[in-house]
Amino acid sequence: MASETETAIKPGCQFASDNTAGACPEALQAFVEANAGSQASYGNDRYTTVVADRLRELFAADCDVYFVFNGTAANSLAVSTCCQPYHSVICSDVAHLETDECGGPEFFSGGAKLLLAGSTHGKLNVASVEELVTRRTDIHYPKPHVLSITQSTEMGTVYSLKELAQLGAAAKRLGLRVHMDGARFANAVASLDAAPGDIIRAAQVDVLCFGGAKIGLPVGEAVLFFDRRLAADFAYRCKQAGQLASKMRFLTAPWLGLLSDSAWLKHARHGNAMAARLAAGLSATPGVDLLHPPDANAVFASLPAAVHQRLNQRGWRYYTFIGLGSARFMCSWATTTAEVDALLHDIRSSATRQASY
Ligand SMILES: *Cc1c(COP(=O)(O)O)cnc(C)c1O
């Protein structure tokens, strides 16, 4: 018989996503401070200017910086600046661009087609990219023009600097622009222990979408153009797409909190450490297999059906969209060791029951 504590529903969405967490204290404090007095609108405020400068410092690059409400807009608009409607964008078969943006990149580019390259643990490889570019050179095939790399990947893995250098070099050799989907860029930086600019230079990134929401902002992502020519009309794209915030300071001031004292990196390291703790516990659990190397803040595992059922009953929240029996547990800046250990406890106790049948 299940005891009362066993059936109690746990609050919150725990491991469903890193965007189920609230805003981190540093971002929230900066948000509240930015509320004082009046400020110029549409990005002409002092917060926006300062944050753009801070981001240029962080990346040690003279890039153009813009702020939008979410990652789908950041990716769709960034990719569109690199493309004509008859171009194509190469991304992995599991890329957010392909699976989770409702055709946004195609829509905003006015017809550019996504070409899907095979991936291993969410990572692209040079051979599959090259194959998509060289298989056709006729005018009936949408001309490959952009390579989109997700760092860290949708499968919670992180490209090494060497892997990025190979992809970046191949892209330039093949005449492709490089877009980086960095919805979880912070987690990749923490995982590699590299300077943010080193990742950009290794992959020869032209435009980066730097995720803010998943690392602790209330809302918003930054778009950084390392090839500034691409940014020429970007402000118009943002405005037309409904992505120009009138009270821009509320999008940008929280970045100040996140960037001060490297709070973003502290939070990214914490999320990664929670995932590592969970992965270590799971790999020592009979009947449970890790599906991808847990390089960043996500853990993918296969669990027996009975374990899923029991976790469900006990109120645990996580995604199971990646196939029968598999689970994605996502950790954030707000995940606690107590939550990880309680989840592990519940998985272990149900896995053991299962194993003893
Ligand atoms: C979350 C995420 C995004 C952004 O998604 P929005 O919901 O539009 O903010 C983009 N790319 C990846 C890989 C993501 O995980």
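Position 1 is the first residue of the sequence, and the numbers go up from there. In what follows, every heavy atom counts, from backbone to side chain, and hydrogens, waters and symmetry copies are set aside.
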Find out if a path of hydrophobic residues (ILVMFWY) with successive side-chain heavy-atom gaps under 4.5 Å connects Val133 to Val178. yes
Between CG of Asp18 and SG of Cys331, what distance do you get to the nearest 0.5 Å? 9.0 Å
Please examine the side chains of His121 and Pro293, heavy atoms only from C-beta on, and report whether any two atoms are closer than 4.5 Å. yes
Look only at the side chain of Arg328 and the backbone of Ala16, and say whether a donor-acceptor pair between them is shorter than 3.5 Å. yes
Using only heavy-atom distances, determine whether the side chains of Thr72 and Ser76 contain a donor-acceptor pair under 3.5 Å. no
With the side chain counted from C-beta on, respond yes when Val223 and Leu77 share a heavy-atom pair under 4.5 Å apart, and no when they do not. no
Are side-chain heavy atoms of Val299 and Phe15 found at a separation under 4.5 Å? no
Among Val51, Asn44, Thr48, which one satisfies side chain to side chain contact (heavy atoms under 4.5 Å, CB included) with Met248? Thr48
Looking at Glu163, is its backbone amide N or carbonyl O close enough to the side chain of Ser160 to form a donor-acceptor pair, meaning the two atoms are under 3.5 Å apart? yes
Could you walk me through whether Tyr318 and His308 satisfy the ring pair (Phe, Tyr, Trp, His ring centres under 6.0 Å) test, starting with their C-alpha distance in whole Å, then the side-chain angles of each, then the deciding distance to 0.1 Å, before giving a yes or no? CA-CA 10 Å; Tyr318 54 93; His308 279 293; 5.7 Å; yes
Does the side chain of Arg269 reach to within under 4.5 Å of the side chain of His267, using non-hydrogen atoms? no
Quick one: are Leu124 and Tyr159 in side-chain contact, heavy atoms under 4.5 Å? yes
Give, for atom CG of Asp227 and atom CG of Asp64, the distance between the pair rounded to the nearest 0.5 Å. 9.5 Å
Looking at Gly37 and Arg249, what are the two nearest heavy atoms and their distance? O-NH1, 3.2 Å
Hey, does the side chain of Ser80 reach the backbone of Ser109 with a donor-acceptor pair shorter than 3.5 angstrom? yes
Arg135 atom CZ, neighbour heavy-atom count above 12 within 6.0 Å: yes
Using only atom types and a distance under 3.5 Å, with no angle test, would you say the side chain of Glu339 pairs donor to acceptor with the backbone of Gln14? no
CE/Met330 to CG/Asn187 distance, rounded to the nearest 0.5 angstrom? 8.5 Å
Do the side-chain N and O atoms of Glu154 and Thr150 include a donor-acceptor pair separated by under 3.5 angstrom? yes
Rounded to the nearest 0.5 Å, what's the gap from CG on Leu208 to CD on Glu221? Could you check? 10.0 Å
With side chains defined as the heavy atoms from C-beta onward, is the minimum distance between Val89 and Cys83 less than 4.5 Å? yes
Are the side chain of Lys123 and the backbone of Val158 linked by a donor-acceptor contact shorter than 3.5 Å? yes
Classify the side-chain pair Asn19/Ser17 by whether it contains a donor and acceptor separated by less than 3.5 Å. yes
Take atom OH of Tyr42 as the centre, draw a 6.0 Å sphere, and report whether it contains more than 12 heavy atoms from other residues, nucleotides or ligands. no
Quick check: are there more than 12 heavy atoms from other residues, nucleotides or ligands sitting under 6.0 Å from NZ of Lys172? yes
Rounded to the nearest 0.5 Å, what separates atom CZ in Phe329 from atom CZ in Phe300? 11.0 Å
Would you check if the side chain of Arg56 reaches a backbone N or O of Cys63 as a donor-acceptor pair within less than 3.5 Å? yes
Step by step, work out the ring pair (Phe, Tyr, Trp, His ring centres under 6.0 Å) result for Phe59 and Phe210. CA-CA 11 Å; Phe59 284 84; Phe210 186 4; 5.7 Å; yes
Ignoring hydrogens and geometry beyond distance, is a side-chain donor-acceptor pair present between Asp295 and Ser191 at under 3.5 Å? no
Side chains of Leu311 and Leu343, heavy atoms from C-beta outward: is any pair under 4.5 Å? yes
Donor-acceptor pair, side chain of Ser260 and main chain of Leu256, under 3.5 angstrom: yes
How close do Asp45 and Ala40 get, counting heavy atoms only, and between which atoms? CB-O, 3.4 Å
Flag side-chain contact, heavy atom, 4.5 Å: Gln39 against Tyr47: yes
Quick test of your reading of the model: are Arg228 and Asp62 salt-bridged, counting only N-O distances below 4.0 Å? yes
Do His179 and Asp206 have side-chain atoms, one donor and one acceptor, less than 3.5 Å apart? no
Could you grab the distance from atom CE of Met155 to atom NE2 of His292, nearest 0.5 Å is fine? 5.0 Å
Show, in sequence, the C-alpha distance, side-chain angles and deciding distance for Glu26 and Lys266, and conclude whether the salt bridge (charged side-chain N to carboxylate O under 4.0 Å, His left out) test is met. CA-CA 11 Å; Glu26 296 90 344; Lys266 177 187 75 178; 3.0 Å; yes
For Asn272 and Asn297, does a side-chain donor sit closer than 3.5 Å to a side-chain acceptor? no
Using modelled atom types only, decide if a donor and an acceptor are shared between the side chain of Trp333 and the backbone of Gly22 within a distance under 3.5 Å. yes
NZ/NE/NH1/NH2 to OD/OE distance under 4.0 Å, Arg277 and Asp341: yes
Are side-chain N/O atoms of His96 and Glu101 paired as donor and acceptor at under 3.5 Å? yes
Counting only heavy atoms not in Gln309 (residues, nucleotides, ligands), do more than 12 fall under 6.0 Å from its CD? no
Give a yes or no on whether the backbone of Arg201 and the side-chain of Gln204 come within a donor-acceptor separation of less than 3.5 Å. no
Please confirm whether the backbone N or O of Phe69 pairs with a side-chain atom of Gln243, one donor and one acceptor, at under 3.5 Å? yes
Verdict with supporting geometry, Val219 and Asn70, side chain to side chain contact (heavy atoms under 4.5 Å, CB included): CA-CA 7 Å; Val219 61; Asn70 60 38; over 6 Å; no
